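Worksheet for the structure shown next.
Counting convention: from 1, in listed order, for ligands and their atoms alike. Because the structure is a prediction, the values reported are computed rather than measured.
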Amino acid sequence: MNQAAAAAPPDQQKRGLILGIESSCDETAAAVVAAGRRQLSSIIASQIATHAPYGGVVPELASREHLRNIVPVVRAALAGAGVSLQDLDAIAVTEGPGLAGALLVGITYAKTLAFALNRPLIAVNHLEGHIHAVLLQQSETNAGPLALPALALVVSGGHTHLYLARTQQGDTWHYQNVGRTIDDAAGEAFDKVAKLLGLPYPGGPWIDALAAHGDPGAVPFAFAQIKPKAHKQQDPRDWYAALAADTLFSFSGIKTAVLRYVEVHNLKPAIQVRRDALAANPSARPLDAVALCDRQTLDLIASFQHAVVENLKRRTFAAAQHYGAASLLISGGVAANRELRSVFTSEAAARGIPVAFPSVALATDNAAMIAAAAWPKYIAHEFAADGLSAQPNLRLGVP
Ligand code: KG4
Ligand code: ZN
């Protein structure tokens, strides 16, 4: 269990206390956040070790681990914040998107707590949580408000979405979904390419560390232009069919290109050696894998990461210009990537548009972002109905 907690706050900061609960995928998390602005505690029980042997999240195992972890994680969040259940003003929980069984564990527990404590229950969209992770970071660092409208890139293992975000009527947020991936999410591409190259799950942090040791220009990966017609024919009822082709992402092609490179250059035997060496050493860290990669592999990894980051950059900045965004906000697990942060930071500076990221701890899944996103809903008395249930395919905003 990892704990990230701000210093114990004076009592006057213990107002508007929201307990956030997140269980949408492979992290059981609970956090106490004061008035949507300051983390008093944030506890994350990661299931990486459970899913690593399978190279991805196994839904049934995820539900079982959430069941095992939810009570100790909530207890640790309360203890870390130095508060009791009675001190809480509301309970917030992720209602979707995510794995149905995993979401249900958090929702059922949150509902029970809210009922027993006679406190309001607030349902939070996980994607809105990722956006509020950045706003929480801004509050905690006294960075001042972001200029609106803000263009948010939510880039994680399950999502690559662009939202135009603005507030309406006080603190209530409104989102317009202006871009998305038509196939794999960017984080999924990191994970699949890592697996292909014999690196552990989740692959993003391994690729991030190894890419720094290779030549990003060695392998020229290209992204095909997405034809709007081809995309629309996939599903005529598609909610996103109206999106412009240049705000659509596609990451399945680059994964296939890496596979082809591996086959053409006969890298499979070396990959098996690497996979076996890492499997024999479960405590290996990403940098330990540098010695297990030859120059060609390091160059391939650096080129893959560079191509993905450049593609995210190009489309995000094009959308920012098209929609007249006054600031940029980048969140989700892939926002932890160092090349992405540095490339987006320099491009933003060159274009004179402010860009904000969450801390690395707030970028990947956590419950502090859920409690922070719940705050404007608490103020607006937007409480969940008694029948709240898991919404595995929940979307955010309007197209
Ligand atoms: O937001 P998150 O924790 O969970 C989802 O909502 O999906 O994101 C997890 C994803 C994984 O695909 C992981 O490989 C990726 O974020 N990730 C990274 C990095 N750290 C995590 N990708 C690239 N570079 C990183 N440093
Ligand atoms: Zn997430």
E95-N125 side chain donor-acceptor pair, cut-off 3.5 Å: no
Whether H126 and H159 hold their rings parallel, tilted or perpendicular, with breakpoints at 30° and 60°: tilted
For A336, the ligand 1 atoms whose distance to one of its heavy atoms is below 4.0 Å: 20 (N), 26 (N)
Parallel, tilted or perpendicular: rings of H132 and Y175 (30°, 60°): perpendicular
Protein heavy-atom partner closest to atom 4 (O) of ligand 1 - residue, atom, separation in Å: D365 OD2, 3.1 Å
More than 12 heavy atoms of other groups within 6.0 Å of Q272 CD: yes
Protein heavy-atom partner closest to atom 22 (N) of ligand 1 - residue, atom, separation in Å: G204 CA, 3.3 Å
Nitrogen or oxygen of E188 less than 3.5 angstrom from that of ligand 1: no
Side-chain ion pair, K313 and E310, N-O less than 4.0 Å: yes
Check: E27 N/O within less than 3.5 Å of ligand 1 N/O: no
Presence of salt bridge, K192 and D184, under 4.0 angstrom: yes
Heavy atom of G158, distance to ligand 1 below 4.0 Å: yes
H130 backbone or side-chain N/O/S under 2.8 Å from the Zn ion (ligand 2): yes
Residue D365 atom name (nearest to the Zn ion (ligand 2); N/O/S): OD1
Pairs flagged by ring-ring contact (aromatic ring centres under 6.0 Å, His included) wherever residues 88-107 is involved - sequence neighbours left out: none
Nitrogen or oxygen of T364 less than 3.5 angstrom from that of ligand 1: no
N or O contact, G333 vs ligand 1, cut-off under 3.5 Å: yes
Under 3.5 Å side-chain donor-acceptor pair for S303 and Q305: no
Atom indices of ligand 1 within 4.0 angstrom of H130 heavy atoms, with elements: 1 (O), 6 (O)
Atom indices of ligand 1 within 4.0 angstrom of D191 heavy atoms, with elements: 11 (C), 12 (O), 13 (C), 14 (O)
Numbered atoms of ligand 1 (with element) below 4.0 Å of G187, judged on heavy atoms: 12 (O)
Output field: ring centroids F317/F344 closer than 6.0 Å: yes
Sidechain N-carboxylate O distance under 4.0 Å for R64, E60: no
Metal proximity, H126 vs the Zn ion (ligand 2), N/O/S cut-off 2.8 Å: yes
Closest protein heavy atom to atom 24 (N) of ligand 1, given as residue, atom name and distance to 0.1 Å: N337 ND2, 3.0 Å
Polar proximity ligand 1 side, G332 side, N/O cut 3.5 Å exclusive: no
Atom indices of ligand 1 within 4.0 angstrom of S156 heavy atoms, with elements: 1 (O), 5 (C), 6 (O), 7 (O), 8 (O)
Chi angles and distances behind the salt bridge (Lys or Arg N to Asp or Glu O under 4.0 Å) call for E128, K377: CA-CA 12 Å; E128 185 173 22; K377 300 181 199 300; 2.9 Å; yes
Nitrogen or oxygen of F190 less than 3.5 angstrom from that of ligand 1: no
Nearest-contact summary for atom 9 (C) of ligand 1 - protein heavy atom, Å: G157 N, 3.8 Å
Heteroatom proximity flag, D208 to ligand 1, N/O under 3.5 Å: yes
Centroid separation F190 to F304 less than 6.0 Å: yes
Sub-4.0 Å atoms of ligand 1 with respect to non-hydrogen atoms of H126: 6 (O)
